Amino acid sequence: MEKVRVRFAPSPTGKLHIGGARTALFNWLLARHTGGTFVLRIEDTDTERSTQASVDQIISSLKWLGLDWDEGPEIGGEYGPYFQSQRLHLYEEKAQELIDKGLAYLCYCTPEELEAKREEARRQGKAPRYDGHCRNLTDQDRVRLAAEGRQPVVRLKVPAEGETVVDDIIRGRVVFKNEVLDDFIIVKSNGMPTYNYACVIDDYAMKLTHIIRAEEHLSNTPRQILLYQALGYELPQFAHVPMILAPDRSKLSKRHGATSVEEFREEGYLPEAIINYLALLGWSPEGTDEVMPIERIVEEFSIDRVSKTAAIYDVKKLAWINGHYLRELPLERIVAEVIPFMQKHGLLAASPEPAKLELLTKAVDLTRDRAKTLEELVDVVSYFFSDDFEYEEKGVRKHFVPAGAGEILRQAKEIIASVEPFEHQVIEEVYRTRAEELGIKPAKLIHPTRLAVSGRTIGPGLFELVELLGREKSLERIDRAISFIEQELPAQIAANDNK
RNA sequence: GACCCUAUGGUCAAGAGGUUAAGACAUCGCCCUUUCAAGGCGGUAACGGGGGUUCGAAUCCCCCUAGGGUCACCA
């Protein structure tokens with residue numbers, strides 16, 4: 001079998017969409033699985049909407065995900081250039097050939113005229129198709145039309161009869177009647193090729209063997225096949241992967257929250273998790289393991305196991321997988337990942353001191369199985385880095401308001417002030433002994449302390465928390481809590497009573 | 001509107017004529033436990049509807065319904 005060559009061909013008109021990322025992933029997986037070649041090609045023929053910023057953005061997202069390409073921007077390759085805007089001569093040349101052979105023709109109809117005809121067709125309830133108005137123009141006609149200042153487009157002559165068959169790896173044999181197609185435009189009046197045309201020219205020129213793309217292109221495929229035939233090109237294999245839908249079954253858009261890889265990154269998702277989740281959306285491994293590293297996905301990937309049905313993406317499952325990687329990946333890696341997020345929240349300096357990094361490492365170690373994203377991780381370690389926190393209201397009611405709360409904290413303070421060595425096993429031992437002496441449950445001592453030193457009712461084991469926080473800081477916070485209980489709290493309660 | 005694709009729990013999804021219809025997320029309960037997580041165990045929950053074919057249909061065929069996609073000088 002010939003060596004697999006596949007491509008991802010985004011148009012740079014925005015960020016890398018989650019659906020686009022999955023299309024890229026499936027192409028990349030097939031290439032890596034078979035030892036083939038993964039090509040990145042930028043389809044920037046829409047001069048109105050394409051931007052360099054989008055190119056940069058898409059490239060950066062692909063790299064971040066780890067989807068590296070063997071040919072394409074930045075690295076070149078045998079079949080470049082890999083920007084369609086730099087391949088215009090090719091499209092022109094082939095278009096001229098088609099015209100010369102009588103397989104395509106110049107059309108001078110203006111967008112306005114066409115729009116009017118479409119409108120008319122719609123009103124009559126007919127399919128809005130091009131009527132072949134310019135199909136049989138004489139040279140004389142063309143001269144006259146050009147003299148009117150009309151810039152022609154090039155249209156392909158589509159046979160009125162017969163059918164065009166798409167042999168799709170995922171969907172099987174899909175038949176389209178040629179009569180439902182019309183003479184579509186292959187070169188715009190500004191000289192730029194249209195998608196269906198440029199795509200065919202390049203896919204062939206770049207010797208691609210498999211065209212794996214989203215299902216929305218299935219209906220375009222007969223047009224492309226007609227083009228392959230007109231050009232005398234051999235067909236590649238097609239595989240149309242199902243779409244990714246929003247929870248309400250509609251097309252994914254901004255109002256559904258994060259839709260681009262960049263946004264997920266900003267929300268604190270790891271590339272490993274996104275890749276793993278995306279692979280599972282539309283593809284399934286043979287066994288029942290779902291969480292698997294990229295190497296294994298590469299090993300097991302097969303187009304045959306890609307499903308036909310559109311999938312609704314489920315952030316909850318993504319979050320769960322992310323949580324998994326958050327606690328399973330090496331600690332240093334997670335620390336490195338969370339640093340920018342800490343900085344963003346002002347909890348860490350731009351160039352943090354080694355002591356702070358050590359604290360962060362230990363804090364992450366202690367808390368990471370409680371977070372699902374890096375943003376959550378920041379939240380869950382925040383009190384190690386800032387004294388500026390409020391007490392959780394629910395906790396205050398439960399642990400600070402009841403009579404004797406201050407006394408409980410004085411007991412805690414005494415223990416923490418004197419325990420030696422200041423290690424969690426020892427602190428715990430003393431806590432438990434003291435509770436017994438006082439004839440109360442250890443929890444009676446533990447919860448108020450936790451609230452005092454962290455402001456929270458939830459978190460890692462209290463004794464490890466206190467050890468990491470340190471004796472000094474713990475005592476300081478307990479003092480603060482005692483004065484809160486004995487001074488601020490009564491005042492607050494009085495104020496509420498007066499209302 | 002025309003054409004095309006699709007249809008298994010709330011979501012992802014296995015299944016390719018005979019299964020007690022997997023598994024995962026979510027959800028609920030229990031265990032563990034200083035809390036919350038994590039982890040372990042268990043529960044609730046599905047073949048869109050109607051016709052065929054067959055000894056036998058989630059699996060094959062037809063119709064309906066529903067959802068999605070395409071009909072651009074966007075890709």
Side-chain angles (χ1 to χ4, degrees), chain A residues 9-13 43-46 48-50 107 109-111 114-115 118 121-122 124-129 151-155 166 168 170-171 174-177 179-182 184-196 198-199 213-223 240 242-243 245 247 249-251 277 280-291 305 307-321 323-324 327 367-372 380 395 428 431-432 435 441-447 449-451 456-463:
Chain A
S11 76
T13 54
E43 307 216 328
D44 55 351
T45 54
D46 184 349
E48 302 282 304
R49 298 193 303 150
S50 299
C107 166
C109 297
T110 65
L114 295 170
E115 186 46 46
R118 264 197 296 271
R122 259 193 293 269
Q124 296 182 13
K126 288 197 207 138
R129 297 195 288 119
Q151 290 294 318
V153 299
V154 181
R155 285 182 186 270
V166 181
D168 192 275
I170 297 171
R171 278 151 224 285
V174 184
V175 181
F176 294 83
K177 289 201 171 62
E179 65 193 39
V180 307
L181 273 18
D182 63 358
F184 59 94
I185 294 172
I186 61 175
V187 179
K188 309 177 207 173
S189 57
N190 66 1
M192 294 299 256
T194 57
Y195 162 72
N196 284 129
C199 167
R213 64 196 359 168
E215 189 189 342
E216 54 186 314
H217 293 295
L218 182 58
S219 301
N220 279 319
T221 309
R223 282 174 242 280
H240 288 90
M243 311 254 314
L245 268 26
R249 292 215 142 269
S250 69
K251 208 166 175 174
Y277 177 67
L280 258 20
L281 213 53
W283 171 79
S284 61
E286 277 186 47
T288 55
D289 288 354
E290 296 201 342
V291 177
R305 295 190 63 84
S307 80
K308 299 182 194 338
T309 34
I312 292 173
Y313 94 114
D314 177 13
V315 208
K316 288 246 183 67
K317 186 153 180 178
L318 205 212
W320 173 77
I321 293 183
H324 169 86
R327 54 184 181 269
T367 59
R368 64 169 162 170
D369 58 4
R370 260 157 278 258
K372 293 218 185 317
V380 110
E428 173 160 11
Y431 252 79
R432 292 192 185 282
K441 285 194 199 156
K444 283 282 174 205
L445 228 37
I446 290 170
H447 296 310
T449 311
R450 173 192 302 285
L451 187 63
R456 316 226 173 161
T457 58
I458 61 171
L462 175 72
F463 309 109

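Each chain gets a letter, A, B and so on, in the order the sequences are listed, and its residues count up from 1. The structure presented is a predicted model; accordingly, all values stated were derived computationally and were not measured.
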Q: Judged by atom type as modelled, is there a donor-acceptor pair below 3.5 Å linking the side chain of A:Asp168 to the main-chain atoms of A:Val174?
A: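 Here the side-chain-to-backbone pair does not exist.
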Q: Checking A:Asp182 now: which residues fulfil side-chain contact (heavy atoms from CB on, under 4.5 Å) with it, not counting sequence neighbours?
A: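 Scan of A:Asp182 (side-chain contact (heavy atoms from CB on, under 4.5 Å), adjacent residues dropped) gives A:Arg129, A:Tyr130, A:Phe184, A:Arg223.
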Q: Starting at atom CZ of A:Arg129, determine the distance to atom C1' of B:rG1, rounded to an integer number of angstrom.
A: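 From A:Arg129 CZ to B:rG1 C1': 13 Å.
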Q: Tell me the partner of B:rA46, counting only Watson-Crick (N1-N3 plus N6-O4 or O6-N4) or G-U wobble (N1-O2 and O6-N3) with both under 3.5 Å; none if nothing fits.
A: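 Pairing partner, where one exists within any strand: none, as none qualifies.
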Q: Rounded to whole angstrom units, what separation is found between the CH2 atom of A:Trp283 and the P atom of B:rC12?
A: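 Taking atom P of B:rC12 as the reference, CH2 of A:Trp283 is at 17 Å.
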Q: Looking at A:Ile312, is its backbone amide N or carbonyl O close enough to the side chain of A:Arg249 to form a donor-acceptor pair, meaning the two atoms are under 3.5 Å apart?
A: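 No; zero donor-acceptor contacts below 3.5 Å.
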Q: Ignoring hydrogens and geometry, is there a side-chain-to-backbone donor-acceptor pair from A:Arg305 to A:Pro285 under 3.5 Å?
A: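 Confirmed, A:Arg305 side chain pairs with A:Pro285 backbone.
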Q: Counting heavy atoms from C-beta on, name the nucleotide in B:rA13, B:rA38, B:rC73 closest to the side chain of A:Lys372.
A: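 Of the candidates, B:rA38 comes closest.
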Q: Pick base, sugar-phosphate or nothing for A:Ser307, based on heavy-atom distances below 4.0 Å to the nucleic acid.
A: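 A:Ser307: backbone/sugar contact only, no base atoms under 4.0 Å.
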Q: Could you list the residues that satisfy salt bridge (charged side-chain N to carboxylate O under 4.0 Å, His left out) with A:Glu115, not counting sequence neighbours?
A: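 A:Glu115: salt bridge (charged side-chain N to carboxylate O under 4.0 Å, His left out) contacts with A:Arg118, A:Arg122.
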Q: Among B:rC73, B:rU34, B:rC71, which is the nearest nucleotide to the side chain of A:Ala443?
A: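 So the nucleotide nearest the side chain must be B:rU34.
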Q: Taking all non-hydrogen atoms of both residues into account, name the closest pair between A:Leu445 and A:Thr449 and its distance.
A: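 Nearest pair, atom of A:Leu445 first, then A:Thr449: O-OG1, 2.6 Å.
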Q: Round to a whole Å and report the spacing from CG of A:Leu280 to C1' of B:rA13.
A: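 After rounding, the gap between these two atoms is 9 Å.
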Q: Specify the closest pair of heavy atoms between A:Gly459 and A:Arg370, including all atoms of both residues, with the distance to one decimal.
A: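 Heavy atoms of A:Gly459 and A:Arg370 come nearest at O-NH1, 3.3 Å.
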Q: To the closest 0.5 Å, what do you measure between NE2 (A:His324) and CD (A:Glu290)?
A: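 Here the interatomic distance stands at 11.5 Å.
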Q: What's touching nucleotides 39-48 of chain B from the protein side, N or O pairs under 3.5 Å?
A:
residue : atom : partner  : partner atom : Å
B:rG39  : OP1  : A:Arg327 : NH2          : 3.3

Q: Show each protein N/O and nucleotides 29-32 of chain B N/O combination with a separation under 3.5 Å, one pair to a line.
A:
none

Q: Report the base-pairing partner of B:rA38 (Watson-Crick or G-U wobble, both distances below 3.5 angstrom), or none.
A: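 The answer is none; no pair meets the criterion.
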Q: Write down the distance between CZ (A:Arg223) and P (B:rC71), rounded to a whole number of angstrom.
A: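 Checked: the CZ to P distance equals 6 Å.
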Q: Name the residue closer to the 5' end of RNA chain B, choosing between A:Asp182 and A:Asn220 according to the nucleotide with the nearest heavy atom.
A: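 It is A:Asp182, whose closest nucleotide lies nearer the 5' terminus.
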Q: Between the side chains of A:Tyr195 and A:Ser11, is a donor N or O closer than 3.5 angstrom to an acceptor N or O?
A: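 Side chains of A:Tyr195 and A:Ser11: no pair found under 3.5 Å.
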Q: Ignoring hydrogens and angles, are the base of B:rA26 and the side chain of A:Asp314 linked by a donor-acceptor pair under 3.5 Å?
A: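 Flag unset: no donor-acceptor pair detected.
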Q: The side chain of A:Thr288 is closest to which nucleotide in this list: B:rG23, B:rA7, B:rU35?
A: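 Closest of the options to the side chain of A:Thr288: B:rG23.
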Q: Measure from the side chain of A:Asp46, starting at C-beta and using heavy atoms only, and say which of B:rC4, B:rA75, B:rU35 lies closest.
A: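 Within the option list, the nearest is B:rA75.
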Q: Strictly by Watson-Crick or wobble contacts shorter than 3.5 Å, is anything paired with B:rU11, and which nucleotide is it?
A: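 WC or wobble partner is B:rA24.
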Q: Looking only at the side chain of A:Lys316 (C-beta and beyond, no hydrogens), which of the listed nucleotides B:rC4, B:rC25, B:rC73 gets closest?
A: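 From the listed options, B:rC25 comes nearest.
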Q: Does any donor-acceptor pair link the side chain of A:Arg456 with the base of B:rU35 at a separation under 3.5 Å?
A: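 Looking at the base of B:rU35, it does not pair with any donor or acceptor on the side chain of A:Arg456 (distance under 3.5 Å).
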Q: Looking at the side chain of A:Thr194, which of B:rU34, B:rA24, B:rA75 is the nearest nucleotide?
A: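 From the listed options, B:rA75 comes nearest.
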Q: When you compare B:rC47 with B:rC41, how far apart are their P atoms, in angstrom units rounded to a whole number?
A: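 Straight-line distance between the two P atoms is 28 Å.
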Q: Is it true that a side-chain atom of A:Arg213 and a backbone atom of A:Leu218 form a donor plus acceptor pair closer than 3.5 Å?
A: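 Absent.
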Q: Can you check the distance between B:rC32 and B:rA38, where both ends of the measurement are the C1' atom (answer in whole Å)?
A: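 Here B:rC32 and B:rA38 have their C1' atoms 11 Å from each other.
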Q: Whom does B:rA2 pair with, Watson-Crick or G-U wobble, provided both distances fall under 3.5 Å?
A: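 Pair assignment: B:rA2 / B:rU70.
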Q: Which nucleotide wins on minimum distance to the side chain of A:Arg370, given the candidates B:rC36, B:rA14, B:rA75?
A: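 Out of B:rC36, B:rA14, B:rA75, the nucleotide with an atom closest to A:Arg370's side chain is B:rC36.
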Q: Base, sugar-phosphate, or nothing: which does A:Cys107 touch, judged by heavy atoms less than 4.0 Å apart?
A: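 Result for A:Cys107 = nothing.
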Q: Could you write out each protein N or O paired with an N or O of nucleotides 57-68 of chain B at a distance under 3.5 Å?
A:
none

Q: Just compare B:rC4, B:rA13, B:rU34 and give me whichever is closest to any side-chain atom of A:Val174.
A: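 My answer, after comparing the listed nucleotides, is B:rC4.
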Q: So which heavy atom on A:Lys251 is nearest to which on A:Glu216, and how close?
A: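 Residues A:Lys251 and A:Glu216, closest heavy atoms: NZ-OE1, 3.9 Å.
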Q: Which nucleotide, in any strand shown, forms a Watson-Crick or G-U wobble pair with B:rA58, with both distances under 3.5 Å?
A: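 WC or wobble partner does not exist here.
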Q: Taking the same atom, C1', in B:rG1 and in B:rA57, what whole-Å distance lies between them?
A: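 Pairwise C1' distance, B:rG1 against B:rA57, rounds to 36 Å.
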Q: Given the P atoms of B:rG40 and B:rA21, what is the spacing between them in whole Å?
A: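 One P to the other, the span is 27 Å.
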Q: Does A:Arg368 place a side-chain N or O at less than 4.0 Å from the phosphate oxygens OP1/OP2 of B:rA38?
A: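 The answer is no; no side-chain N or O of A:Arg368 sits under 4.0 Å from OP1 or OP2.
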Q: Heavy atoms under 4.0 Å, any strand shown: does A:Thr13 hit a base, just sugar-phosphate, or nothing?
A: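 Counting heavy atoms under 4.0 Å across all strands, no contact is made by A:Thr13.
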Q: Considering only the P atoms, how many Å lie between B:rA58 and B:rA46, rounded to the nearest integer?
A: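 Comparing P positions in B:rA58 and B:rA46 gives a spacing of 15 Å.
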Q: Just call it for A:Arg305: base, sugar-phosphate, or nothing, with non-hydrogen atoms closer than 4.0 Å on any strand.
A: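 Contact class for A:Arg305: sugar-phosphate only.
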Q: Any idea which of B:rG23, B:rA72, B:rU6 is nearest the A:Lys317 side chain?
A: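 The listed nucleotide nearest to A:Lys317's side chain is B:rG23.
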Q: Measure distances between side-chain N and O atoms of A:Arg171 and base N and O atoms of B:rC5, and say whether any donor-acceptor pair falls under 3.5 Å.
A: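 There is none.
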Q: When the nearest nucleotide of RNA chain B is assigned to A:Glu43 and to A:Arg432 on a heavy-atom basis, which residue is associated with the more 5' position?
A: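 Looking at the nearest nucleotide for each, A:Arg432 comes out on the 5' side.
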Q: Considering only heavy atoms and no angle criterion, is a donor-acceptor pair shorter than 3.5 Å present between the side chain of A:Ser219 and the base of B:rC4?
A: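 Not at all, since no donor on one side and acceptor on the other fall under 3.5 Å apart.
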Q: P atom, B:rC62 versus B:rU53: distance in rounded Å?
A: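 Those two atoms are separated by 15 Å.
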Q: Going by the rule salt bridge (charged side-chain N to carboxylate O under 4.0 Å, His left out), which residues pair with A:Asp289 if we only count those two or more places apart in sequence or in a different chain?
A: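 For A:Asp289, the residues satisfying salt bridge (charged side-chain N to carboxylate O under 4.0 Å, His left out) (neighbours in sequence not counted) are A:Arg296.
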Q: If I pick the P atom on B:rG42 and the same atom on B:rG23, what distance separates them, to the nearest angstrom?
A: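 To the nearest whole Å, 10 Å.
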Q: What interatomic distance, in whole Å, is found between C1' of B:rA14 and the corresponding atom of B:rG9?
A: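 14 Å, rounded to whole Å.
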Q: At under 4.0 Å between heavy atoms, what does A:His240 touch on the DNA or RNA strands: base, sugar-phosphate, or nothing?
A: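 If one applies the 4.0 Å heavy-atom cut-off, A:His240 turns out to touch nothing in the nucleic acid.
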Q: Where the side chain of A:Ile312 is concerned, which of B:rA75, B:rA38, B:rC12 is the nearest nucleotide?
A: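 It is B:rC12.
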Q: Check this one for me: any side-chain N or O of A:Lys308 less than 4.0 Å away from OP1 or OP2 of B:rU8?
A: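 No, outside the criterion.
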Q: Give one of base, sugar-phosphate or nothing for A:Pro222, where a contact means two heavy atoms less than 4.0 Å apart.
A: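 Touches nothing.
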Q: In whole angstrom, what separates A:Leu451's CG from B:rC36's C1'?
A: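 Checked: the CG to C1' distance equals 14 Å.
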Q: For A:Glu216 and B:rA72, give me the distance from atom CD to atom C1', rounded to whole Å.
A: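 Taking atom C1' of B:rA72 as the reference, CD of A:Glu216 is at 14 Å.
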Q: Assess whether a salt bridge exists between A:Lys317 and A:Asp314, defined as any Lys/Arg side-chain N lying under 4.0 Å from an Asp/Glu carboxylate O.
A: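 Answer for the salt bridge query: no.
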